[in-house]
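Structure record follows, encoded as structure tokens.
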Amino acid sequence: MEFLIAAISLGFLGSFHCIGMCGPIALALPIYTTNYFHKVLLILSYNFGRIVTYSVFGLLFGLIGMGFAIAGYQQIVSIVIGSLLLLGVIIPSRYFSKYKITSSVFIFFNQIKTALGKLFLKSGHKSLFLIGLLNGLLPCGLVYMAVAGAIATGDITKGVLFMAVFGLGTVPVMLSLPLIGNFISMPVRNQIRKSVPFIVGIMAILLILRGLNLGIPYISPKIDSDTNRIASCHSQKTTLDCCHKK
């Protein structure tokens, strides 16, 4: 349950940070109707498309995380990902700006932008849904952080849930933005944006603690090194060891 709380918190608070990038797309959505209810449905189609893309990310990276878990590296991966996220919060972003993406990646993103441009000439639920799908593929630091969380779950189902709930967390802001524009003043938005590093930092620390195998319930549960499963009292042997018997 704690990983879902982290996912929705990251999505909701991070959505204020992403207004600068996704905001222009959300404000320019091809919604040509004065019917408020129909407008909301169209915007929801766009957001549903984004959530589907994020969920696919959760499937793929949850599978990668499960591979690490089966190989017995889940704890190491959790510590490494948590440490990288923590470094990303501590190290100023200007140190990362000098690293440019490769030409092949640039071509890929350019093709997505071209496809988006064609879809913006159309309207309707299908077009809005496809715009959301492609928008989810655009580079976004917040999505990369969520992907790291999906890998750390070490499970396909949890990976999908993490990314889907993360996407749901972004919906309130991304739904309101096309409806009423810049509904939150810049000072308020900046204050909320400042809380994002704290959420990421907390998530990073929890991932590190989880990998340290300290035996703290929910935060750092003990994982059996042989089976790579969280210790419980379900088996008879474990019951004799950890449960009271007369």
Side-chain angles (χ1 to χ4, degrees), residues 1-18 50-91 93 95-96 99 136-171 193 195-232 234:
M1 178 61 71
E2 65 274 6
F3 77 98
L4 295 180
I5 295 174
I8 198 165
S9 300
L10 182 65
F12 178 71
L13 294 173
S15 61
F16 291 92
H17 177 76
C18 289
R50 291 190 307 109
I51 293 172
V52 169
T53 298
Y54 297 155
S55 299
V56 172
F57 284 162
L59 175 66
L60 296 175
F61 289 98
L63 180 62
I64 292 173
M66 188 176 73
F68 284 123
I70 293 173
Y73 298 127
Q74 184 178 2
Q75 291 172 252
I76 296 174
V77 170
S78 185
I79 294 172
V80 169
I81 291 176
S83 300
L84 290 174
L85 287 177
L86 203 56
L87 286 173
V89 172
I90 297 172
I91 300 174
S93 59
Y95 289 106
F96 298 102
Y99 298 103
L137 295 173
L138 292 175
C140 175
L142 193 72
V143 175
Y144 299 154
M145 293 177 188
V147 162
I151 295 174
T153 62
D155 183 85
I156 295 178
T157 303
K158 287 183 178 180
V160 172
L161 279 174
F162 188 94
M163 293 302 295
V165 172
F166 161 77
L168 285 173
T170 67
V171 169
R193 186 182 300 169
S195 65
V196 175
F198 292 100
I199 296 296
V200 175
I202 292 171
M203 191 170 106
I205 292 170
L206 288 175
L207 286 173
I208 294 171
L209 290 173
R210 184 169 176 263
L212 290 175
N213 204 20
L214 299 176
I216 304 173
Y218 302 106
I219 296 175
S220 184
K222 194 74 175 176
I223 299 177
D224 191 325
S225 59
D226 295 327
T227 62
N228 204 39
R229 293 176 181 272
I230 295 175
S232 64
H234 293 308

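In what follows, residues are counted from 1 in the order of the sequence shown. These values consider heavy atoms only, across backbone and side chains, with no hydrogens, waters or symmetry-generated copies. No experiment lies behind these values; they were computed from the predicted model shown.
For Leu85 against Met145, the heavy-atom pair with the smallest separation is CD2-CG, 3.9 Å. The minimum heavy-atom distance linking Ala204 with Gly82 is given by the pair CB-O, 3.2 Å. Listed here is the closest heavy atom pair of Gln74 and Gly154: NE2-CA, 4.1 Å.
The side chain to side chain donor-acceptor pair (under 3.5 Å) pairs that include a residue from residues 50-67 are Asn47-Arg50, Arg50-Tyr54, Arg50-Thr170, where partners are two or more places apart or lie in different chains.
To the nearest 0.5 Å, the span separating CZ on Phe162 from CD1 on Ile151 amounts to 11.0 Å. Summarising the geometry, atom CG belonging to Leu212 is positioned 11.0 Å from atom CG belonging to Leu207; distances are rounded to the nearest 0.5 Å. Put simply, CG on Leu4 and CG on Leu168 are 10.5 Å apart, with the number rounded to the nearest 0.5 Å. Taken to the nearest 0.5 Å, the CG atom of Leu13 stands 10.5 Å off from the CD1 atom of Ile8. Note that the CD1 atom of Ile205 and the CG atom of Leu86 stand 6.0 Å from one another [nearest 0.5 Å].
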Side-chain atoms of residues 60-68: list all donor-acceptor pairs with protein atoms under 3.5 Å, sequence neighbours left out, distances to 0.1 Å.
none

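With Met163 as the fixed residue, the side chain to side chain contact (heavy atoms under 4.5 Å, CB included) test singles out one of Leu59, Val52, Val147: Val147.
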Between Val143 and Leu138, is a side chain to side chain contact (heavy atoms under 4.5 Å, CB included) present by the stated rule, with each step listed? CA-CA 9 Å; Val143 175; Leu138 292 175; over 6 Å; no
